[in-house]
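Note on naming: letters A, B, ... go to the chains in the order of the sequence lines (proteins, then strands), and numbering restarts at 1 for each one.
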Amino acid sequence: MGQFIFRRFFWMIVVLFFISIITFTLMRAIPGGPFSREKPLPEATLALLNQKYNLDAPLLVQYGDYIGDIVLPIITTERIRPSTAEDYLVVIPLPFIAEEAALRWINFGPTYGSRSRSVNDIFRENLPISFQLGVAAMGIAMAIGIPLGVVSALNRNTWVDYMGMGTAIMGVSIPVIITAPLLQYVFGVQLRALPVTGWGTIQSAILPAFALGFVNAALIARLTRASLLQVLNEDYIRTARAKGLPERVVITVHALKNSLIPVITILGPLFAALVTGTFVVETIFGIPGMGRYFVTSITGRDYPAIMGTILLYAFILVVMNLIVDIAYAWLDPRIRFD
Amino acid sequence: MKTTRFARFLSVLLVVAVLFSAIGAISAQDRKVIVTGISMVGGDIPTIDPQLAETSASIEAINQMFVGLTAQDVTNNALAEGMATFEVTENADGGATYTFTVRQDVPWVRYNPETDAVEQLTDESGAVRMVTAADFYYGIMRGLDPRTASPYAYVPVGYINGASDFNGLVLEDGGDAAAYEQSLAELQAATAVRLVDDATIEIDAPANTLFTAYIYGLWVMRATPEWVIEEFGDLWVEAENIATYGPFALKEWAHDESMTLIKNPFWPGTAGVPQAKIDEVVFRFLDPQQQLAEYEAGNIDAIQIPLEEWDRIQADPVLSAEYVTGTNPCSYYIGFDNLEAPTDNVHLRRALSYAVDRETIVTNVTKRGETAARWFTRPDVNAAPTLELFPDLGISYDPTKAQEEFAIALTELGYSSASELQLSLSYNDSGNHGAVMQAIQQMWREVLGLEVTLDPRESATYFASLSEEAPAAYRSGWCQDYPDTNSYLYDVFFSQTTQNDTGFANEEFDQLVSQARLSQDNAERIELYARAEQILVVEEAAIIPIYWYALALMVKPNVERAPSVTGNEAYYLWDIR
């Protein structure tokens, strides 16, 4: 197992490296730059901005500098003035060298969208918010989706099944761009029971988490049902029943656990998508999360923010897939990674 | 069993939620707080650093916290007293020297969350730090310094002797950094801004114009606190570090969410920028749709109206009564590539312009209070021709003339019918530009029998392409930097300016706008500009003026909004009844 995880970590670094190259190439290939404006900036001003953000260097040098700033730790001996270009995620003071000395590591660079914030600031301040929302939505999705799928499967082709799957189809079919404003209008504007927009209180999280969770609950419910139905026809379920186990034990211990493998498979990427933020829900509910940066950084040609958000998303995705693989072994003892 | 338990869980959740929000609704009402979304969009304010600001959201916030050497009467564009009084002396070379006397009774302040009060800042010796001419000198030089890379410094650069060389000095790749610093120091010394004493600052302008004083009041030339910037670098604008001096101070900046400004009791008030009447302003960073939802829920006092909801608001008796129209100092137009076929043909350009029914566009497409434009410059800025003074100036919808001109154009271009003419209309695919372009496409089809193809492009791609190689016909807009016709006609269409993507160059036009630029008599300037507009939009038809923008707002009945023609709200004039 240890060797397996080690191997996966090695490949993760390779994958992230290739993702960074592809992203960097693609974003530089699209026309327009971070300073393209309706009111065009004079050549001289553009030259100054390009110089400030190191955009006048050859592309290979720019890429090298960027990766270097992230990967290579540096040791500074003097206090550095706060700057969006030199903002390090990891700062370890080294008082034995000099009073202000420190080891600094992981600098994702400035964001062009703000003159006082860095990409690291987005990770520090916006990511936790998206993470909270994502976890809440994930919780709702699983809390609704798995029971709904199980109940539907156990009552196959009865009215319970039709009701459950009807709800699920509705959830999958109606996009969040409809449900979110609808929830907002009913509970926020009309009933005034919950905040319309904003973040920071439990009640402000209810609507967005529900809007986001419901769509995914429907997805999980359908998958759970299909998978459980398949498992219920397996020989070992018949064996379990034949040896006289109570139905409850047959379902929970033998059927459900095995039927969750396909569900777990999608939970990984789903979790990565939810916790790194969703543009639509965050925009509609005015949540200061990270999802907006995925879209605005591309339209604004905010190169460091594009790189940062994509790499972070890729990182979480790869880690989640690893966790999913490990979860397989626990769910199905036949699976081995040696 | 499981489903009923879940239903019970849901209902408990709902009850808890209702209880929570009931608690939240009980809040202090004794402070006058205005929550606003005007000029704001979802996301964050890019900066509140005066030397780095360029978006309207940034400028709006900066105007409440930093006051310029000069200020503007927001009701009529006249100059008003800001942080200084000034005298102008004409120089022998045709230039002018502006001598500013800066007020001595304004302290630097910061909000202290522990005492919940705005406090005066002190220096090492404990004395209150007052805003001085030196702070303005520092702010101006910081804006001009090429290392600051200010995106707006290019505007004042043209109005300060020597500033252009200083601001334009770029360190060549692999260049000698020490020599660069040395040259910068020399060029800064050669820039004609002189700090005479703590109260006096002098600026030499290359020309004596009526609008230079407005330029010196621009945000990029405001005083900024050197000692704070030296210590906190890029982070000096955060609430815990910043120092301001205007009618409001920064209380909280919740990035990507909101910004709260609190009244600065130490601002003495001037004729142009009086003391604030309200205690706090909260900017909510929301897109117009979300602003409206919060407005209807009673949580925001003033918003901009999303186009999609306009018809519903008009139909609603309560909401429509709260509609307020304001000034958005911009002009919307279609530009032509004046240099390449087929749009190098003046008859074709004129035919296309006559065929656009601007009234229909503003009443049926954009709908929110815009004015059909007959020429480029907004009539409400200084020295601009007005519709009352010049009822026949410019161009308007005239299908007969359009068809006549089109016939000539086809002959000259060598086409036997309109179907042979290939033309596309490019635009940035955002907002409602698509709807306006479709309307124009339809008008050209109906009046001229011309079928143009629409060419929507992604915004950044589009704007980059305009500067490189203008499409044959393209959507554009211009927002003024200062309220004078010079900011329109000279800054955009003088043949030597960088903003002119059309390639339009006309000797008489250049001569007219250059003469009007230096004239000290606004009545004479209006006449000169009227003639220039006639050349631009009729005789040469270099562009098609479409409309003059408006601001469509909704303001709660208990809030007294101060009308503003500047395009920025002056919250220090707002009040709550």
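Glu125(A) places no side-chain N or O within donor-acceptor distance of the main-chain N or O of His255(B), the cut-off being under 3.5 Å. Here the side chain of Asp234(B) pairs no donor or acceptor atom with the backbone of Ser116(A) at under 3.5 angstrom.
Nearest heavy-atom pair across Ala293(B) and Val196(A) is CB-CG1, 3.7 Å. Leu41(A) approaches Pro151(B) most closely through the heavy-atom pair CD2-O, 3.3 Å. The nearest pair of heavy atoms linking Asp256(B) to Arg117(A) is OD2-NH1, 3.0 Å.
Salt-bridge formation is detected for the pair Glu54(B)/Arg37(A): a Lys NZ or Arg NE/NH1/NH2 atom is positioned less than 4.0 Å from an Asp or Glu carboxylate oxygen. Look at Asp481(B) and Lys39(A) and you find a salt bridge, because one of the NZ, NE, NH1 or NH2 atoms lies within 4.0 Å of a carboxylate O, short of that distance. The pair Asp44(B)-Arg292(A) does not meet the salt-bridge criterion, since no charged nitrogen lies less than 4.0 angstrom from a carboxylate oxygen. Using a 4.0 Å cut-off between charged side-chain N and carboxylate O, Arg301(A) and Glu458(B) make a salt bridge.
Residue pairs meeting the salt bridge (Lys or Arg N to Asp or Glu O under 4.0 Å) criterion with at least one member in residues 41-53 of chain A, sequence neighbours excluded, do not occur.
Under the rule for a ring pair (Phe, Tyr, Trp, His ring centres under 6.0 Å), the partners of Phe108(A) that lie at least two apart in sequence or sit in another chain are Phe123(A).
Top candidate by heavy-atom pairs under 4.5 Å with chain A, chosen from Asn428(B), Thr498(B), Val170(B), Val237(B), is Val170(B). Per-residue heavy-atom pair counts under 4.5 Å with chain A were compared for Phe232(B), Tyr462(B), Tyr152(B), and the maximum is reached by Phe232(B).
In this structure, chain B has a heavy atom under 4.5 Å from the side chain of Asn126(A), while its backbone stays farther away. Contacts between Tyr293(A) and chain B at a heavy-atom distance below 4.5 Å involve the side chain alone, from C-beta outward.
Residues Gln290(B) and Thr197(A) bring no donor and acceptor atom of their side chains to less than 3.5 Å of each other.
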